[in-house]
Amino acid sequence: MTQSAIIERLATLRAGLNEYNYQYYVLDAPTVPDAEYDRLMQELKALESQHPDLITPDSPSQKVGGEPVSAFGEVAHEVPMLSLDNAFDDDEFHAFVKRMGDRLKRDLQGGFCCEPKLDGLAVSLLYENGQLVRGATRGDGRTGENISANVKTIANVPLMLRGAGYPARLEVRGEVFMTRSGFEKLNQSQVEQGKKVFANPRNAAAGSLRQLDSRITASRPLTFYAYSVGLAEGGALADSHYGRLQQLKDWGLPLCPEIRLVEDAKGCTAFYQQILQKRDNLAYEIDGVVIKLNDLALQQELGFVARAPRWAIAWKFPAQEEMTELLDVEFQVGRTGAITPVARLKPVFVGGVTVSNATLHNQDEIQRLGIKIGDTVIIRRAGDVIPQVVSVVEAKRPEHAREIHFPEHCPICDSQVEKLAAEAVARCTGGLVCAAQRKEALKHFASRKALDVDGLGDKLIEQLVDMDWIHTPADLFRLDLAKLASLERMGEKSAANLVNALDKAKHTTLARFLYALGIREVGEATAANLAQHFLTLEALRQADMQALQLVPDVGEVVASHIVNFFAEPHNQQVVDELLDVGLSWPQIEVKAAQELPLDGQTYVITGTLSSMDRNDAKAKLQQLGAKVAGSVSAKTHCLVAGEKAGSKLAKANELGVRVMSEEEMLALFSQHNI
Ligand SMILES: NC(=O)c1ccc[n+]([C@@H]2O[C@H](COP(=O)([O-])OP(=O)(O)OC[C@H]3O[C@@H](n4cnc5c(N)ncnc54)[C@H](O)[C@@H]3O)[C@@H](O)[C@H]2O)c1
Ligand SMILES: [Zn+2]
């Protein structure tokens, strides 16, 4: 590179990093993944180390954080709050250990304190005589923002220290972060309120803590873990980092429970591996581990470089977020017809694997992301979770970026795609004919509450579909005995049994038939109601939204599923074919006039009724279908006993006949509005 090319590259890197710092530290809304930032920073540092004469004091490589926002009020840090140097692999970690040994020219005694690198933001808490008097952000390391009112709302930040022996002035440093579950809940409620969602828990924590209205901070799920002492006056502290952390704990400050003291570099490596294993199961996000030389005298001897101590290092984990290009979007049809947009990506190494696909979930998600084909996108892959598209780097949108069009027809079977306003998912309506849904649709079709085909189990259905013998349910009834018998693990006898079972299953009921079709949200009970209401398949097929909603339990959503189903030509064809192959059912008899509640029961009335005379009571009981008799016998169902009831009551008791008071009888009448 020529000198002028180097100067130009340095300027570009610095301008880029400064912009990213501003987005990250001031706006709490980064637009590129940390991995991209780290790459640019490494490139800057490498160039600067080759050309030390070109280092400027305002280079991002020499600075900590971003400018504090003045609206909060300033806090001058008496002891600067610095950053940490990074190691990205084993070699870099061992180089760090060696550097310390070389500089000290002796053994590193006292061990290492190993801590998870919490992904939140650094906070300083000042305690005077045990009382929390001030909270501040790191800011640019020298000047932070005064966020006292906000830190006081964090549930696990003690307002008073416990116990005794703490220094009169004690500045505790630590990380404020948001748990994954807290983050998800917050984002969900942001979506519900139509507010912007946060890209990750780190931004959510920073955005929540740096609120001018502390009531908002109070409503956010923030947690604090202490990780060091900044300043201590008027009281002695332990002479090791780990020892001091234990003191903080005794005084009521929360520590990350994973912190360990280890003897040597090997112990650090083991810790790194162990935490990496645990990473996805921790309640909060971490982006590495921090290794600190434990002995404070050695720490002091080592001191600091421009922006970080020499005695600590952030040993970063492989990135879980990366940047790549969206090449195309394909639409996959699931087993239940749900249509999922899948991002085809320029392959990128993230979360330990090369990723070339990511889910886009649904149409709403595409809209929320504002994503276009050709965009540069941030991909996240954590643990075994399917890679997700987190956001779009809008600044990198090319001119040729294309809108994503959600298909109106199923890419597999060309049936209409249905999307209900109340649901995020779009679905193919071709249930019975859609190859993507065929196996599930057929399993449902043959199941016990549907056509109940004996011997046609899930395994066999899968086999038949895989052989490409069955395209629609009607094909089941066209299966030929010889062909079936030739199937693996089948044999003549079972083949014959299956053909018989299929034959038998042709004689069904309209309700079972409707249920078997697998229309969305038409369960057994709805199918029965539809059959009872429309009596014939023809009538149901003709029914419009309004007519359908007259059926008990059928609302607008179910009605539209039914209308869409029968409007689909593929489905019409399947239904016709099923009738052609001989599916039939007995005509439904119109149910006799409604049964009366006391049909077939014999009542007897005795004693004096206070609210009506006996004849009226008798008429009302008859109105409900009861027979009213004059004497109690074993056949009596119930005796209504008024005041001064005598022998009839005794007889009823003797025979174990149910006795009803006048009040109970009145309740029965009012229950039936008579
Ligand atoms: N995406 C972006 O645009 C963008 C912009 C700026 C910075 N960043 C990210 O931030 C990093 C630089 O930020 P930084 O200067 O805060 O450095 P850092 O995050 O690499 O390390 C220092 C910070 O680590 C935190 N930390 C967590 N656990 C700790 C522990 N146990 N002990 C001590 N500190 C602990 C503290 O907040 C401390 O300030 C970059 O490497 C990058 O990943 C990203
Ligand atoms: Zn389909």
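Basis for what follows: all heavy atoms, side chains included, without hydrogens, waters or symmetry-related copies. When a ligand or atom number is given, it counts from 1 through the structure's own listing order.
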Degrees at the Zn ion (ligand 2) between the SG atom of C413 and the SG atom of C410, nearest 10°: 110°

Taking the minimum heavy-atom distance to [atom], which of [options] ranks first?
atom: atom 28 (N) of ligand 1; options: L40, L17, L118, D287; result: L118
atom: atom 1 (N) of ligand 1; options: L27, V32, N18, I291; result: V32
atom: atom 29 (C) of ligand 1; options: Y225, F177, Y227; result: Y227

N-O pairing of [X] and [Y] below 4.0 Å:
X: E36; Y: R39; value: yes
X: E394; Y: K396; value: no
X: K316; Y: D38; value: yes
X: E175; Y: K117; value: no
X: K45; Y: E48; value: no

Looking at ligand 1, would [X] count as a contact under a 4.0 Å heavy-atom criterion?
X: M41; value: no
X: Q23; value: no
X: R307; value: yes
X: V64; value: no
X: G288; value: no
X: R173; value: no

Proximal ligand 1 atoms for D38, defined as those under 4.0 Å from one of its heavy atoms: 40 (C), 41 (O), 42 (C), 43 (O)

Closest protein heavy atom (residue, atom, distance) for atom 17 (O) of ligand 1: S83 OG, 3.1 Å

Pairwise side-chain contact, V392 with L326, heavy-atom cut-off 4.5 Å (strictly under): no

Salt bridge (charged side-chain N to carboxylate O under 4.0 Å, His left out), paired with E321, selected from R202, R380, R381: R380

F177-Y225 aromatic ring centre distance below 6.0 Å: yes

